[in-house]
Amino acid sequence: MRAIMDAYAYPSLVFVHLLLFVLWLGADVGVFVLGQHFRKRDRYTLEQRLALLKLLVEVDMVPRTAWALMVPVSLSVVAMGGFWAVPSWLLIVAWAIGALWIWLVWDAHLHDQTPRAARDRRIEFGLKIGLAAFYLWLGGASLIQQEPITDTWLASKALLFGVIFGAAIMIDVAFKPVGPLLARLLKEGSSDEIEIPLLRTMNRTRLWVWTVYLLLLATAYIGQVKPF
């Protein structure tokens, strides 16, 4: 029985890793489409647009959760596959970070528009900055020194994952003005004074969203093809 479990453990973990990628990218495309329709004030009533926005927020929890889980799962795949002798303490820290990140995301979602949610999001933002720095260091150092990761394709994936974090951080930064504008939209109703800067902000955010999509596809391609 133990031999059977060992034989299925690694491919099962790879399956979970692929599933997280599908959920992250697929659900995020759904979020993007809902956002595109929310922008069309000439096609939908304000009430309909706000309903789309509520649905967007709910769907957005899928890629947020998948992203948080991707950190410990990807390191576990690397360790179990023998691509890098990941230190045991680092795996423990990775799973602890993943659990904390998921808790922050869901706690902020369930207590939205409260000081508690604002605190959770500040902590999450700092966490993402730290993870971006870690993956950029891991990938960059490995490409230059051939350690701690010796495979060029895997080091490239780590570096790109750090860049993904950076682009996602820029989504948060670019999207920040949307909150106050939406609050005014709910309170005052639709007007050019609110809608034009709202649309402009969402357009800037889209550039970073597309950047994340392209980087995710590049990372997946490198992991599958291993061209280096």
Side-chain angles (χ1 to χ4, degrees), residues 9-25 28 63-102 104-105 121-175 204-228:
Y10 176 68
S12 296
L13 194 59
V14 171
F15 171 76
V16 172
H17 182 264
L18 292 174
L19 181 62
L20 289 176
F21 170 77
V22 171
L23 290 173
W24 183 358
L25 183 57
D28 209 68
R64 287 180 179 273
T65 303
W67 185 15
L69 281 171
M70 188 67 85
V71 172
V73 169
S74 60
L75 282 176
S76 297
V77 168
V78 168
M80 191 175 292
F83 299 107
W84 171 33
V86 184
S88 298
W89 66 265
L90 183 56
L91 283 176
I92 294 172
V93 169
W95 280 102
I97 287 175
L100 172 63
W101 191 353
I102 290 174
L104 289 170
V105 166
R121 290 181 177 121
R122 284 196 300 271
I123 297 173
E124 183 194 358
F125 188 77
L127 190 65
K128 287 190 286 192
I129 291 176
L131 287 169
F134 167 73
Y135 279 104
L136 288 172
W137 166 81
L138 179 63
S142 297
L143 286 173
I144 295 171
Q145 304 171 3
Q146 296 299 301
E147 61 177 24
I149 298 174
T150 57
D151 292 320
T152 302
W153 67 269
L154 185 56
S156 300
K157 278 195 68 174
L159 182 64
L160 284 178
F161 201 36
V163 178
I164 287 172
F165 270 94
I169 288 169
M170 290 308 302
I171 291 176
D172 290 342
V173 172
F175 200 73
R204 285 198 300 267
T205 305
R206 283 196 309 167
L207 297 175
W208 292 110
V209 172
W210 278 109
T211 300
V212 169
Y213 291 168
L214 292 173
L215 288 169
L216 277 172
L217 290 173
T219 303
Y221 178 82
I222 290 172
Q224 180 63 32
V225 179
K226 301 177 180 57
F228 313 122

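Tested against Trp95, the residues Val71, Val73, Leu90, Leu75 include a single side-chain contact (heavy atoms from CB on, under 4.5 Å) partner, Val73.
Here the side chains of Leu217 and Leu25 are in contact, with some heavy-atom distance below 4.5 Å. Looking only at side-chain heavy atoms (C-beta outward), Ser156 and Leu143 come within less than 4.5 Å of each other.
Residue Leu131 holds its CG atom at 13.5 Å from CE of Met70, rounded to the nearest 0.5 Å. Note that CG of Leu154 and CG of Leu159 are 11.5 Å apart. Values are rounded to the nearest 0.5 Å. Rounding to the nearest 0.5 Å gives a distance of 14.0 Å between NZ of Lys157 and OG of Ser142. A distance of 8.0 Å separates CG of Leu216 from CZ of Phe161, quoted to the nearest 0.5 Å. Residue Lys128 holds its NZ atom at 8.5 Å from CD1 of Ile171, rounded to the nearest 0.5 Å. Here Ile164 contributes atom CD1 and Ile169 contributes atom CD1; the two are 12.0 Å apart, rounded to the nearest 0.5 Å.
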Given the rule in the side chain to side chain contact (heavy atoms under 4.5 Å, CB included) test, do Leu23 and Thr65 qualify, once you have shown the distances and angles that lead to the verdict?
CA-CA 9 Å; Leu23 290 173; Thr65 303; over 6 Å; no
Please assess Asp151 against Lys226 for the test salt bridge (Lys or Arg N to Asp or Glu O under 4.0 Å), listing each intermediate value before the final yes or no.
CA-CA 9 Å; Asp151 292 320; Lys226 301 177 180 57; over 6 Å; no
For side chain to side chain contact (heavy atoms under 4.5 Å, CB included), just list the numbers for Thr211 and Met170, CA-CA rounded to whole Å, side-chain angles, deciding distance to a tenth of an Å, and then say yes or no.
CA-CA 10 Å; Thr211 300; Met170 290 308 302; over 6 Å; no
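Listed here is the closest heavy atom pair of Val105 and Arg64: CG1-CB, 3.8 Å. Across Ala155 and Ile149, no two heavy atoms sit closer than the pair N-CG2, 3.9 Å. The two atoms that bring Ser74 and Tyr135 nearest to each other are OG-OH, 4.1 Å, heavy atoms only. What you find for Pro227 and Ile222 is that their closest heavy atoms are CD-O, 3.7 Å.
Qualifying ring pair (Phe, Tyr, Trp, His ring centres under 6.0 Å) partners for Trp153, counting only residues two or more places apart in sequence or in other chains: Phe83. In terms of the ring pair (Phe, Tyr, Trp, His ring centres under 6.0 Å) criterion, residue partners of Trp67 (sequence neighbours excluded) are, by chain and number, Trp24, Trp101, Phe165.
Side chain of Tyr213 to main chain of Asp28: a donor-acceptor pair is present (N/O by atom type, distance under 3.5 Å, no hydrogens or angles). In this structure, the side chain of Thr150 does not engage the main chain of Gln146 through any donor-acceptor pair within 3.5 Å.
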